[in-house]
Amino acid sequence: MTKDNRKFSVVIAGGGSTFTPGFVLNLLQNQDRFPLRKLKFYDNDAERQKKIGDAVAIIMKERAPEIEFEYTTDPKEAFTDVDFVMGSIRVGKYHMRSLDEKIPLRYGVNGQETTGPGGMAYGLRSIPAIIQIIDWMEEYSPNAWMINYSNTIAIVAEACRRLRPHSKVINICDMPIDIMTRMAQICGLKDYHDLDFNYYGLNHFGWWKGVWDKKTGKDLMPELKKYVSKNGYWVGGDFDKDTEPSWEATFKKAADCYALEPNTLPNTYMQYYYYPQYEVKHADPHHTRTDEIREYRQKIVFGECERIVKEGTAENNMWDRNATHSEYIVDICHAIAYNTGEKFLANIPNNGAISNMDPDSIVEVPCLFTSHGVEPMTTGKAGIFQRGLMMEQQTCEKLVVDAYEQHSYEKMWEAFALNKTVPDALVAKKILDDMIPENKPYWPELK
């Protein structure tokens, strides 16, 4: 239960996201912990947002009529009188994501949303949009917090560190939460709330050093390592009925990632860095994960929204069965609102959290969440293998932000050329040259 009578106003920046309805249901299910007085959506795509917004309006009317709800394309209306901004934007939408995936594959390089050239392209697109949202928040609701989970998180967080160092922005990711829920199931526990952990790395680029049963203190790493060595993080089809088919291969591939470095447990995204040739070989350059999403999650979500609007009721909607994707975001808002000091992961300047990484590296480490923001916890030294990988990857991310600040073709080429997924500088240049005209509406002019 909440500790006082406060109620909060939240705006979801990216109201047209396919994840938004599930987030709304999660917010409504947690009104005892994080009560709302107002919920707003903001999106610059009015048509897409309307499909989601009209269905959510019915949900709100049926489930929580006392909470004021609206959706808008007007920044002043959206960001005025809010306590929390939830950043869930995708600059260029799925059209640009598809290009992020398919252009590198033309040259035998990983085509992936947040890793390799595609991830860097996406990050460069995201920087100005996230900075703009921060500025709107600070203009219209200067006391608000922004919880950003818009990719590419590491690049966005580096841009925030440089360009808005004093802004109330926390950059987070749900992938470790998803994996920890799988870990809990492997060990016979309910979900990530039942686990304590030590984790370190970069966003989509990290490792668990320890996992324990939060209640008993039991070390779960031996059991988890034994399971992951054979199965990865795959726990069966029933758990994944609402995800795209390629996720099965992703979770199973964690077994091969674990085999390379068996002292820790890997984030699933390490597959793209450990086994890039395998990933390219098993990719279809004409049908990537974006196509799966269009055929699967996007089709299902917009179809469900259309059904709700047509029937005029949200009874028995798909999110009632599984609205857990964003539960950790509610946990974080509760921790900040009520100064609980709970432990979650965040992407922050290192400043000693990983003792053998540069202070200004953006790292993903456990932090205590309070009303003053996040307080990083020390995780010890990175292993020699992990530190080498991290230094290379975080340098790529810094070069992307250099390219943004300096409008530099050279810096972006260097970022691509340095990345572990790219075989040489000539291939990097070809990918970049193909990406530049496609990203003209979003990138600064690179000279």
Side-chain angles (χ1 to χ4, degrees), residues 18 90-126 151-155 175 203-205 232 234 240 243-257 266-300 392-393 396-397 400 403 409 412-443 446:
T18 55
R90 179 180 294 281
V91 178
K93 298 191 280 294
Y94 286 133
H95 172 69
M96 291 308 301
R97 174 174 176 171
S98 181
L99 293 172
D100 291 342
E101 293 170 350
K102 290 171 181 170
I103 290 174
L105 285 169
R106 294 174 188 168
Y107 302 98
V109 172
N110 274 339
Q112 211 281 324
E113 177 192 17
T114 63
T115 62
M120 290 184 278
Y122 184 11
L124 187 58
R125 288 198 303 274
S126 297
N151 281 313
T152 303
I153 289 291
I155 292 169
M175 198 67 238
N203 180 242
H204 289 183
F205 202 101
W234 179 247
D240 296 273
T243 61
E244 292 77 46
S246 60
W247 277 109
E248 178 177 347
T250 292
F251 290 122
K252 288 181 176 179
K253 190 63 177 173
D256 291 336
C257 295
N267 191 301
T268 50
Y269 281 83
M270 297 315 299
Q271 69 187 62
Y272 300 109
Y273 299 97
Y274 291 179
Y275 302 106
Q277 291 183 336
Y278 172 91
E279 295 300 327
V280 172
K281 182 179 178 181
H282 289 81
D284 181 347
H286 307 293
H287 191 273
T288 60
R289 184 165 282 176
T290 301
D291 298 298
E292 281 190 7
I293 292 169
R294 285 169 168 160
E295 296 159 1
Y296 199 71
R297 186 175 74 229
Q298 180 171 266
K299 184 178 180 180
I300 291 171
E392 181 180 62
Q393 178 64 15
C396 295
E397 293 157 0
V400 173
Y409 178 96
M412 200 65 176
W413 183 13
E414 289 174 349
F416 280 23
L418 180 64
N419 195 264
K420 185 172 174 59
T421 67
V422 180
D424 65 35
L426 180 59
V427 171
K429 188 177 192 303
K430 290 177 179 178
I431 295 171
L432 178 58
D433 288 347
D434 281 7
M435 284 183 163
I436 285 174
E438 301 290 356
N439 281 278
K440 189 174 181 180
Y442 311 105
W443 285 2
L446 301 180

I'd like to know if the side chain of [X] and the backbone of [Y] have a donor-acceptor N/O pair within less than 3.5 Å.
X    : Y    : value
W413 : A425 : yes
T152 : G119 : yes
N267 : M270 : no

key: Residues K102, D291: salt bridge by 4.0 Å N-O rule   = yes
Can you tell if the side chain of [X] reaches within under 4.5 Å of the side chain of [Y], non-hydrogen atoms only?
X    : Y    : value
P117 : V422 : yes
R106 : I103 : yes
N151 : H204 : yes
M96  : L99  : yes

Considering all heavy atoms of both residues, which atom of [X] and which atom of [Y] are nearest to each other, and what is their separation?
X    : Y    : result
D284 : L105 : O-CD1, 4.3 Å
T290 : Y94  : CG2-O, 3.5 Å
V109 : V280 : C-CG2, 3.6 Å

Give a yes or no on this: more than 12 heavy atoms of other residues, nucleotides or ligands lie within 6.0 Å of atom CD of Q277. no
Item to complete: Take R125 and E438, measure what salt bridge (charged side-chain N to carboxylate O under 4.0 Å, His left out) needs, and give me the verdict at the end.
Response: CA-CA 11 Å; R125 288 198 303 274; E438 301 290 356; over 6 Å; no
Item checked: Residues N110, Y275; criterion side chain to side chain donor-acceptor pair (under 3.5 Å); working and verdict -> CA-CA 10 Å; N110 274 339; Y275 302 106; over 6 Å; no
The salt bridge (charged side-chain N to carboxylate O under 4.0 Å, His left out) partners of E248 (sequence neighbours excluded) come to K252
inquiry  = Pairing donors with acceptors under 3.5 angstrom, does anything connect the side chains of Y278 and D256?
reply    = no
Discussion item. Less than 3.5 Å apart, any donor N or O on the side chain of H287 or E295 sitting next to an acceptor on the other?
Written reply: yes
**Report entry** Aromatic plane relationship, W247 with Y269 - under 30° parallel, 30 to 60° tilted, over 60° perpendicular
**Finding:** perpendicular
Please evaluate residues D100 and R97 with respect to the criterion salt bridge (charged side-chain N to carboxylate O under 4.0 Å, His left out), reporting the C-alpha separation (whole Å), side-chain torsions for both, the decisive distance (0.1 Å), and the verdict.
CA-CA 5 Å; D100 291 342; R97 174 174 176 171; over 6 Å; no
Test side-chain hydrogen bond (donor to acceptor under 3.5 Å, both in side chains), reference Q393, set T421, N419, N203, output is N419
